[in-house]
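Below is one structure, written out as structure tokens, with a few remarks after it.
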Amino acid sequence: MAQTSGSRIVEETTLESGHLEHLAARIETSDDRSSLEVRTPVTDEAIGAIPACTRDDVAGAVERARSAQNNWEQVTVDERAAIIQRFGDLVLKRREELLDVVQLETGKARHHAVEEILDVPLTCSYYAANGPSILADADRSGAIPLASDATVTYDPVGVVGVISPWNYPLTLAMTDAIPALLAGNAVVCKPDERTPFIALALADLLAAAGLPDGLFQIVTGEGATVGPALIDEVDYVAFTGGTETGRTVAEQAGRNLIDCSLELGGKNPMVVLADADPETAARGAVKGAFTNAGQLCLAPERIYVDDRRYDEFVDAFVGATRRLELGLEFDYGPDIGSLIDGDHLRAVQEYVDDAVADGASLLSGGRARPDVGPFCYEPTILTNVDPDSRVACEETFGPVVSVYPVSGVDEAIERANDTEYGLNASVWTPDRERGRAVAREIDCGTVCVNDPYTVGWAATDAPMGGFGDSGLGRRHGPEGLRRYVDARTIATSRIGPLDAPSGVSPRWFAHFMLGLTKVQRRLTRWLP
Ligand code: NDP
């Protein structure tokens, strides 16, 4: 395996020499495997290598996970929660090293990487505090009051496969793994091949927190090989990534009759109402559209502004955007970092070039900045965008946003909903009740009022996921935990079989049961 972590760029971080090799050694393969180079977008140089796992390696990882899970499900939920809490503490304690790895792998600005650090301990404490009650046996109404009862128990599904993308490699490797582990499952995680080291660093910290061996494993390699191999072995798959890959994951999960959650792409609208403060909305637009250089599934890519506020909003938004500083430092200086790689940079540039060729106007940005970094791209604002153009309809996943004037709230809602996606939206108005009323009209899994995405994402008690092409299932909240358990109903009868007692005619029993059903229906209407 290439010994490249002594490369110049790694020396600029606080990481100890050999740290990335140490992390790569966590990946178990049954034989020598070809290796995949991992490059940093900061300088486009190699920083390490990982094995290209095969089907056999994936099967081996799942087998080890399955054997560890047998003991883990016997451990009390409170004990599991304590380990998860210790892990959250370690993430905070070792944050500088984790931030360096995130920045090395993604090229994002440090203050954007911090959002990932903040997220994981919060998710740990939410599930550690609430998991035991969410997973506790629950008494439900029986078939016949007093004569029977019902109890629901929740058993872990077994081994959960987590397939995660490169854009938030720390958060998205862990946010689905934490509740899976807490519910008594083992996890085998397949991170994006461009960002494997942060997932490996988290595996190290889980072990340091006391998670028994084998319960959290990493398999690395190309998604098209390792992903399907993983889905064939596990009992549930939690996938985060693009919509087209999500469809193939869902097809395979369907064939294998396993459940899955799919957190996919978006074309997120932001709606600025006539009474909104243009400065506040512009600050929100900058944060939403350009966090992580726009490589954020929740980022607004379409902004609909009431035409009475349009000019003021555009002035404030363009002004604030032009003040943003692009840069690549392992420190808190620059506002925006790099795109992930050259292919993505070319794709983003093509979206902008096509839009401009179709008549769009560039109000800010619109060009690559190789003088700052090999894959840096200026934050870009477009207007006069053809509503049928690619940039208007497809997810750009870069620092590119289009602004449209609208004649009022009805048009804003109609245009916000004119998409196959439905991940995240935001509404801007000082009248929060009105904002919430408008939010109900927008077809998205999360709608934030007066914030672009953070209040929705960070509400870990509330479910998060997509409508339409943005996905299936929910992470966060009780929903995000219950997806990883099989519900079993145990129903008991105090009067023996619910059938006609001996000596009672079927006709009499049928009339008795019909009468009882009527009484029960009345009672359920009257009783609270
Ligand atoms: P991809 O769908 O290409 O990749 C996501 C993950 O799936 C990677 O680990 C990839 O591996 C793996 N993969 C690739 N092919 C397969 C396959 N056939 N079966 C199983 N797994 C496979 O996504 P992107 O890299 O394009 O990530 C960006 C996308 O993710 C955007 O659309 C974004 O909106 C979405 N996203 C959604 C979020 C949400 O919460 N809704 C959050 C963040 C991102 P590899 O790359 O190593 O080949």
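Read the numbers this way: they start at 1 and go in the same order the structure lists the ligands and their atoms.
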Enclosure of R436 CZ (heavy-atom neighbours >12, cutoff 6.0 Å): no
Worked verdict on F197 versus W166 for ring pair (Phe, Tyr, Trp, His ring centres under 6.0 Å): CA-CA 11 Å; F197 289 118; W166 48 266; over 10 Å; no
Donor-acceptor contact below 3.5 Å, side chain N185 vs main chain Y484: yes
Residue contacts for ligand 1, heavy atom to ligand atom, distance under 4.0 Å: I163, S164, P165, W166, N167, L172, K190, P191, D192, E193, R194, G221, E222, G223, A224, G227, P228, F239, T240, G241, G242, T245, T248, V249, E263, L264, G265, C297, E395, F397, L423, R475
Exercise: do R483 and S261 side chains pair donor with acceptor under 3.5 Å: yes
Side chain N292, main chain K108, donor-acceptor under 3.5 Å: no
Atom of L423, atom of S470 and distance for their closest heavy-atom approach: N-OG, 3.3 Å
